[in-house]
*Asks:* 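Below you'll find the structure I mean.
Protein chains get the first letters and strands the later ones, always in sequence-line order, with residue 1 at the start of each.
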Amino acid sequence: MSEPLLRAVGIRKSFGHLDVLRGIDLEVHRGQVVCLLGPSGAGKSTFLRCLNHLETIDAGQVWVDGKPIGFELRNEKLYELREREVAKQRRDIGMVFQRFNLFGHRTAMENVIEGPIRVLGVKPDLAHKEGLALLDRVGLADRGDAYPAQLSGGQQQRVAIARSLAMKPKLMLFDEPTSALDPELVGEVLAVMNSLAQDGMTMVVVTHEIGFAAEAADRIVFMADGSIVETGPPERVLKKPEHERTRQFLARVLA
Amino acid sequence: MAVEPLPIVRLRHWGRWVSAVLIVGLLAALIVTLADAQIDWASVPDFVLYRVMIVGLVNTVLLAVIAQTVAIAIGIVIALMRRSANPVAVWFASGYIWLFRGLPVLLQILIWYNLALVIPTLSIPLPFGGYLLNEPTNVLVSAFTAALLGLALNESAYMAEIVRAGLNSVDSGQTEAAKSIGMSPGLTLRRVVLPQAMRVIIPPTGNDFVDMLKGTSIASVIGVTELLHAANNISSNNLLVMETLFAAAVWYMVVVTIAGFGQHYLERRYQNNDRSAAAQAARALRAIPLSRSARV
């Protein structure tokens, strides 16, 4: 089998005395969709934030496309990188947040083209053209001039996805992308994510949407108390969970 | 049975009538008193345009604009230091604000003005002999410079707190989103955080600038020819004290009013992310050629 696109080894993280992650291992291959499930407080979001170094890691390493995130490999040693250098590594890793986090002072289009123009140095004309295609892809080609405050939650989240895609990332991280949405707006965001998955985007998704996980995920990782409890294809983990923790969780969520 | 609509007697606001008459009466009394006062009103417009008054006006505006600009620059640096991860920087920034906010601005100006008494020459030696700077202090620190230093450093402590409040007002999610699309810390600050902090920073800064325009009058104490000093200059010759003070007052009102307009314009410019009718009208205007009031 080929080298995995994402390889996380022994990730540990604590906030003060609280051990949030107690040694997490995860491998994701190109084109795979992995869904992280588990009760709140399990450390799913923290783990996701470690993958693009939004959180520093106490122990363990994250490798994306053969490069250690947050570090540089020289003479068999990992040297910690400056924030400026980490920023360059993050270009390849898109992230979608629970609270959307669109830039409030910029229009939808400006949000999408900010990264390509300012970070990648794409010519404004080209960035605009690509931006329009991306907004069209998330079904918002006609809302490019709207400010985030003028968009619904679902529309904001779709713009946020377009903003991430504009950087042409190799890997996309989704941190509970539908948890802050009104129930009737969840579907439009999941539809965009589903089409991304079908187009072969490599995705790691923290979600409570069991239906989405069942449909889109190649693999499900069930976490509790900072550890991975069990992992496997959705039909097995969701239908025939091996562990009591997983059964309890699924019983509560699907009730 | 048909019900006759009964006539309605509106409430009479007697209190409003009484207070309105009182206010108008008091104002009339004030006008009569001033008209009776021994003021040579006709001379006021002349004093407004006296040469020394214009010099005073220029100095007042220069002092205020330069001091406020320097204060904003220092304030941003101190605010960033207070938010930095370096404990020494945090400690220094807190001490800086504590000191310069704690001392009266007049006292600060006097200290700068009298620096030559304790440090006769200011010099910056170069590593291999010679000096980058080696001048008598009283040549370097003129009265104008002393006033500028006092006003700017005092205000910079306030600006640091205003900028810090502005930066804190921007949700941390904005920074995380900027990081996630690969923006460096500097780019994040310039493109994402500061523009949004402006909404919080501009109103109190405009307020402080109005204060600064008036506060320059303190520089008259050490002989800087700003508006108040200019007025005193004129009245020491012709003894028309009130008339010259009124002339200075006219100029203060003019510059303060202009500053108010400037603040209003800036607030508009940085408010373009809300859905108020005014903001939408401003956006619509921007779409019309030849009316580009702001970058898109």
*Asks:* Specify the closest pair of heavy atoms between B/Gln174 and A/Leu102, including all atoms of both residues, with the distance to one decimal.
*Replies:* NE2-O, 2.7 Å
*Asks:* What residues of residues 82-91 of chain A sit under 4.5 Å from chain B when only non-hydrogen atoms are counted?
*Replies:* A/Glu83, A/Arg84, A/Ala87, A/Arg90, A/Arg91
*Asks:* Could you grab the distance from atom CG of A/Asp175 to atom OG of B/Ser180, nearest 0.5 Å is fine?
*Replies:*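 Atom-to-atom, A/Asp175:CG and B/Ser180:OG are 11.0 Å apart.
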*Asks:* Rounded at 0.5 Å granularity, tell me how far CG in A/Asn101 sits from OG1 in B/Thr175.
*Replies:* 9.0 Å
*Asks:* Considering heavy atoms only, which positions within residues 163-172 of chain A lie below 4.5 Å of chain B?
*Replies:*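 Residues of residues 163-172 of chain A touching chain B at under 4.5 Å: A/Arg163, A/Met167.
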*Asks:* A/Arg49 and B/Glu176: which non-hydrogen atoms are nearest, and at how many Å?
*Replies:* NH2-OE2, 2.7 Å
*Asks:* What distance do A/Arg118 atom CZ and B/Ile181 atom CD1 have between them, rounded to the nearest 0.5 Å?
*Replies:*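 The CZ atom of A/Arg118 sits 11.0 Å away from the CD1 atom of B/Ile181.
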*Asks:* Return yes when atom CZ of B/Phe261 has more than 12 non-hydrogen atoms of other residues, nucleotides or ligands closer than 6.0 Å, and no otherwise.
*Replies:*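 Check fails, neighbour count at 12 or below.
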*Asks:* Do A/His105 and B/Arg199 touch side chain to side chain, with heavy atoms closer than 4.5 Å?
*Replies:* no
*Asks:* Heavy-atom distances under 4.5 Å only: say whether A/Phe97 touches chain B with side chain, backbone, both or neither.
*Replies:*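 Answer is side chain: those atoms of A/Phe97 sit under 4.5 Å from chain B.
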*Asks:* What are the two closest non-hydrogen atoms of A/Phe103 and B/Ala177, and how far apart are they?
*Replies:*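 For A/Phe103 and B/Ala177, the tightest heavy-atom pair comes out as CE2-CB, 4.0 Å.
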*Asks:* Within a 6.0 Å radius of atom OH on B/Tyr131, are there more than 12 heavy atoms belonging to other residues, nucleotides or ligands?
*Replies:*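 Open: at most 12 neighbouring heavy atoms sit under 6.0 Å from OH of B/Tyr131.
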*Asks:* Of the backbone (N, CA, C, O) and the side chain (C-beta and beyond), which part of A/Leu173 lies under 4.5 Å from a heavy atom of chain B, both, or neither?
*Replies:* neither
*Asks:* When rounded to the nearest 0.5 angstrom, what distance separates NZ in B/Lys179 from CE in A/Met95?
*Replies:* 11.5 Å
*Asks:* How about A/Arg99: does its CZ atom have over 12 heavy atoms from other parts shown lying under 6.0 Å from it?
*Replies:*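 No - once you tally the heavy atoms of other residues, nucleotides and ligands closer than 6.0 Å, there are 12 at most.
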